[in-house]
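A short worksheet on the structure shown next.
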Amino acid sequence: QVHLVESGGGSVQSGGSLRLACVISGYTDGNYPMAWFRQAPEEERQGVAAIDRDGSETYADSVKGRFTISRDFAENTLYLQMNSLKPEDTAMYYCAARLRVGRDYGVLQAGDYNYWGLGTQVTVSS
């Protein structure tokens, strides 16, 4: 079992930065894949960034060069550093963890993950 709690969201102007954090509790010893997703109103949940067991990082094209995912095992925290924010980045942001076996849907696909936080809202104004 894993419990995920996001924080760090807020309202910023276009070009600004935010750092999201996802505190992990429960089973914290495992080196399992994790990711950040976002969902805007009336849109599907979109994978933003993922970090795999070997530390490899994957980003959606829309955030490459602007967002950075990282994991601090000592602090049991997953981070998402977001720079050069744009109005189209406005969404609820969720962290997710994969502690399941079976079919691989893709590291930026929601189906790959079976634990989710409740989200933190990011609003970027122009």
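Note that these values count all heavy atoms, side chains included, but never hydrogens, waters or copies made by symmetry.
Between Ile24 and Thr77, every side-chain heavy-atom pair lies at or beyond the 4.5 Å cut-off. Put simply, the side chain of Gln46 does not reach to within 4.5 Å of the side chain of Leu108, judged on heavy atoms. Side-chain atoms of Arg66 and Asp89, non-hydrogen and from C-beta on, do get closer than 4.5 Å to each other. Leu118 has its side chain out of reach of Val5: every pair of non-hydrogen atoms, C-beta onward, lies at least 4.5 Å apart. Annotation: side chain of Met82 is in contact with side chain of Leu20 (closest heavy-atom distance under 4.5 Å). With a 4.5 Å cut-off on side-chain heavy atoms, Asn114 and Leu99 count as touching.
The CD atom of Glu6 sits 9.0 Å away from the CE atom of Met92 when rounded to the nearest 0.5 Å. Note that CD of Gln13 and OG of Ser125 are 5.0 Å apart. Values are rounded to the nearest 0.5 Å. Going from atom OG1 of Thr123 over to atom CG of Leu18 covers 9.5 Å, rounded to the nearest 0.5 Å. Once rounded to the nearest 0.5 Å, the distance linking OG of Ser14 with CG of Leu85 reads 8.0 Å.
Arg100 places a side-chain N or O within donor-acceptor distance of the main-chain N or O of Arg103, the cut-off being under 3.5 Å. Judged by distance alone, the side chain of Asp52 and the main-chain N or O of Gly55 form no donor-acceptor pair under 3.5 Å. Using a distance-only test at 3.5 Å, with no hydrogens or angles considered, a donor-acceptor pair links the side chain of Thr90 to the main chain of Val124. Proximity of a side-chain donor or acceptor of Asp104 to a complementary backbone N or O of Gly106 within less than 3.5 Å is not detected.
Grouping the Ile, Leu, Val, Met, Phe, Trp and Tyr side chains by contacts below 4.5 angstrom, directly or via other members, places Val48 with Tyr59. Val12 and Val63 fall within a single hydrophobic cluster, where Ile, Leu, Val, Met, Phe, Trp and Tyr side chains are chained together by heavy-atom contacts under 4.5 Å. Hydrophobic clustering keeps Leu78 apart from Trp116 (ILVMFWY residues linked when any side-chain heavy atoms are closer than 4.5 Å, directly or through intermediates). A chain of hydrophobic side-chain contacts below 4.5 Å, direct or via other Ile, Leu, Val, Met, Phe, Trp or Tyr residues, connects Trp36 to Leu4.
Under a cutoff of 6.0 Å and an axis angle of 45°, Arg45 and Tyr94 form a cation-pi pair. Both tests do not hold together for Arg19 against Phe67: distance to the six-membered ring centre under 6.0 Å, angle to the ring axis within 45°.
Side-chain polar atoms of Tyr93 and Arg38 form a donor-acceptor pair below 3.5 angstrom. Side chains of Gln81 and Tyr79: no donor on one and acceptor on the other come within 3.5 Å. For the residue pair Ser17 and Asn83, a side-chain donor N or O sits within less than 3.5 Å of a side-chain acceptor on the partner.
Contact between Gly47 and Ala60 at its shortest, heavy atoms only, is O-CB, 3.4 Å. The nearest pair of heavy atoms linking Pro87 to Ser126 is CG-CB, 3.9 Å. Here the closest heavy-atom approach between residue Ala91 and residue Gln121 is recorded as O-NE2, 3.4 Å.
A salt bridge links Lys64 to Asp61: one of the charged nitrogens lies within less than 4.0 Å of a carboxylate oxygen.
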With ring-ring contact (aromatic ring centres under 6.0 Å, His included) as the test, would you mind laying out the steps for Tyr113 and Phe37 before giving the verdict? CA-CA 11 Å; Tyr113 302 89; Phe37 286 76; 5.5 Å; yes

Any chance you could lay out the side chain to side chain contact (heavy atoms under 4.5 Å, CB included) test for Arg71 and Met34, step after step, and finish with the verdict? CA-CA 9 Å; Arg71 184 173 177 180; Met34 296 194 69; 3.9 Å; yes

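Among pairs with a residue in residues 68-126, those fulfilling disulfide bond (SG atoms under 2.5 Å apart) read Cys22-Cys95, at least two apart in sequence or across chains.
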